[in-house]
> 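Structure incoming, see below.
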2 protein chains.
Amino acid sequence: MSDVKTVTKSVEQKFADRGIRLTRRRRQVLDVLMSADAALSAYDIAELCNAGSESHMPTMSVYRILDLLQEEQFIHRLETANKYVSCSHIACAHEHSGSQFLICDGCRRVEEIQLSPEAVGAVEMAANAVGFASISPQLEVKGLCVDCQPERI
Amino acid sequence: MSDVKTVTKSVEQKFADRGIRLTRRRRQVLDVLMSADAALSAYDIAELCNAGSESHMPTMSVYRILDLLQEEQFIHRLETANKYVSCSHIACAHEHSGSQFLICDGCRRVEEIQLSPEAVGAVEMAANAVGFASISPQLEVKGLCVDCQPERI
DNA sequence: TCAAAATTGATATACTATATCTTTTGATCG
DNA sequence: CGATCAAAAGATATAGTATATCAATTTTGA
Ligand SMILES: [Zn+2]
Ligand SMILES: [Zn+2]
Ligand SMILES: [Zn+2]
Ligand SMILES: [Zn+2]
């Protein structure tokens, strides 16, 4: 169960490649998000940065850093929850063209998935039918994860 | 373009049928939402209730009333926007089994649609593939409405 | 070294939402 | 009708999320 991730060489490399500095503050925020097993609010993150550390992480800094990490797609903001998660693909070479999130109503765990092209197509179709275009691909869907579903015999 | 709706007989009848009182405050909130051409925040609603009226609508009341109207599906809350819209089906006999919303990034207009069963099925399929079940049906998708799309020649 | 740019610190304030307690209003029944 | 009880609204406090702004510090690179 304990599968705690933090900033690795491959993540450091992504920062370097894009000419973005991985400062102490940014590393703190990203480490907290990568270690978390659920989405966190900006205030949660500030608190966790401060826990067991003499440093003081101001919430403002957290927001600033979240903005940057989001732009670079190291993390994502869950708009239905006002919370943040690290990207599932943060350590791999995967590119995304829009992400979808499953959010467990039981344990708040978040799963980042890619919908099948057919699924995306079906949503686009429905949108086009009423004149909408340029659909943004971020979908957030609530449900129950495999651990939180009532047991079936 | 001006197609302002307010509480009608058929809406009044729905309240009566369900034993819910359509008080002055509730009517004010619902009228504001039905007249609006975009989603509104609770504070927007309070302000609009107060505009050109001697009465004072407290924000607390707005929230209380929004809760009720939502439970009865007269209105919906857009979770990605923290805003509220009146239900497209408020004046008809239509039942919904989950709604989907298209939100225009240009003008903030909101279109309430029903995805095709195939589209819903495709999303459910993707969720099941990673162990999620009991998917909630509310989807909010951002895009550009027909009026806000860059003109094509 | 020194000036410019990027990052962080500090403080204030706006926006969204809930909790709780009191007062008023409205339905019901004798 | 007037007493009673429940629903609704009023009032106030507070929690939670986010942005604006300006000053101080650190990093970069000429
Ligand atoms: Zn991602
Ligand atoms: Zn769960
Ligand atoms: Zn509806
Ligand atoms: Zn539009």
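Here the structure is a predicted model, which means the values were calculated and not measured. All chains are named by letter (A, B, ...) in the order of the sequence lines, taking the proteins before the strands, and each is independently numbered beginning at 1.
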> Compute whether any side-chain donor of one residue and acceptor of the other, for A:Glu124 and A:Asn128, lie under 3.5 angstrom apart.
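No, no side-chain donor-acceptor pair sits under 3.5 Å.
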> I need the CD-P distance between A:Gln28 and C:dT7, as an integer number of Å.
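In whole Å, C:dT7 P and A:Gln28 CD are 16 Å from each other.
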> Could you state the atom-to-atom distance from CG of B:Leu40 to C1' of C:dT16 in whole Å?
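Taking atom C1' of C:dT16 as the reference, CG of B:Leu40 is at 14 Å.
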> Do A:Arg108's NZ or CZ and the ring of A:Phe101 fall within the cation-pi criteria of under 6.0 Å and 45°?
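No, cation not above the ring by the 6.0 Å, 45° rule.
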> Distance check, rounded to the nearest 0.5 Å: B:Leu144 atom CG versus A:Ser136 atom OG?
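It is 10.0 Å, given to the nearest 0.5 Å.
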> Looking just at side-chain N and O atoms, do B:Gln138 and B:Glu140 make a donor-acceptor pair shorter than 3.5 Å?
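Yes - a donor-acceptor pair under 3.5 Å links their side chains.
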> Check the side chains of A:His89 and A:Gln73 for a donor-acceptor pair under 3.5 angstrom, ignoring hydrogens and angles.
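There is no such pair (donor and acceptor under 3.5 Å, judged by atom type) between the side chains of A:Gln73 and A:His89.
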> Assign a letter to each nucleotide of nucleotides 4-10 of chain D from its 5' end: B, base within under 4.0 Å of a protein heavy atom; S, sugar-phosphate only; -, no contact.
---SSBB
> Are any of the side-chain nitrogens in B:Arg27 or B:Glu12 under 4.0 Å away from the carboxylate oxygens of its partner?
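Yes, charged N to carboxylate O under 4.0 Å.
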> Residues in ring pair (Phe, Tyr, Trp, His ring centres under 6.0 Å) with B:Phe132, at least two apart?
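B:Phe132: no ring pair (Phe, Tyr, Trp, His ring centres under 6.0 Å) contacts found.
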> What protein N or O atoms touch nucleotides 15-18 of chain D N or O atoms at under 3.5 angstrom, if any, and at what distances?
residue	atom	partner	partner atom	Å
D:dA18	OP1	A:Arg77	NE	3.4
D:dA18	OP1	A:Arg77	NH2	2.3
D:dA18	OP1	A:Asn82	OD1	3.4
D:dA18	OP2	A:Tyr63	OH	3.2
D:dA18	OP2	A:Tyr84	OH	3.4
D:dA18	N7	A:Tyr43	OH	3.1

> Using side-chain hydrogen bond (donor to acceptor under 3.5 Å, both in side chains), reason through A:Glu112 and A:His76 one step at a time and then give a plain yes or no.
CA-CA 10 Å; A:Glu112 181 174 349; A:His76 302 290; 3.1 Å; yes
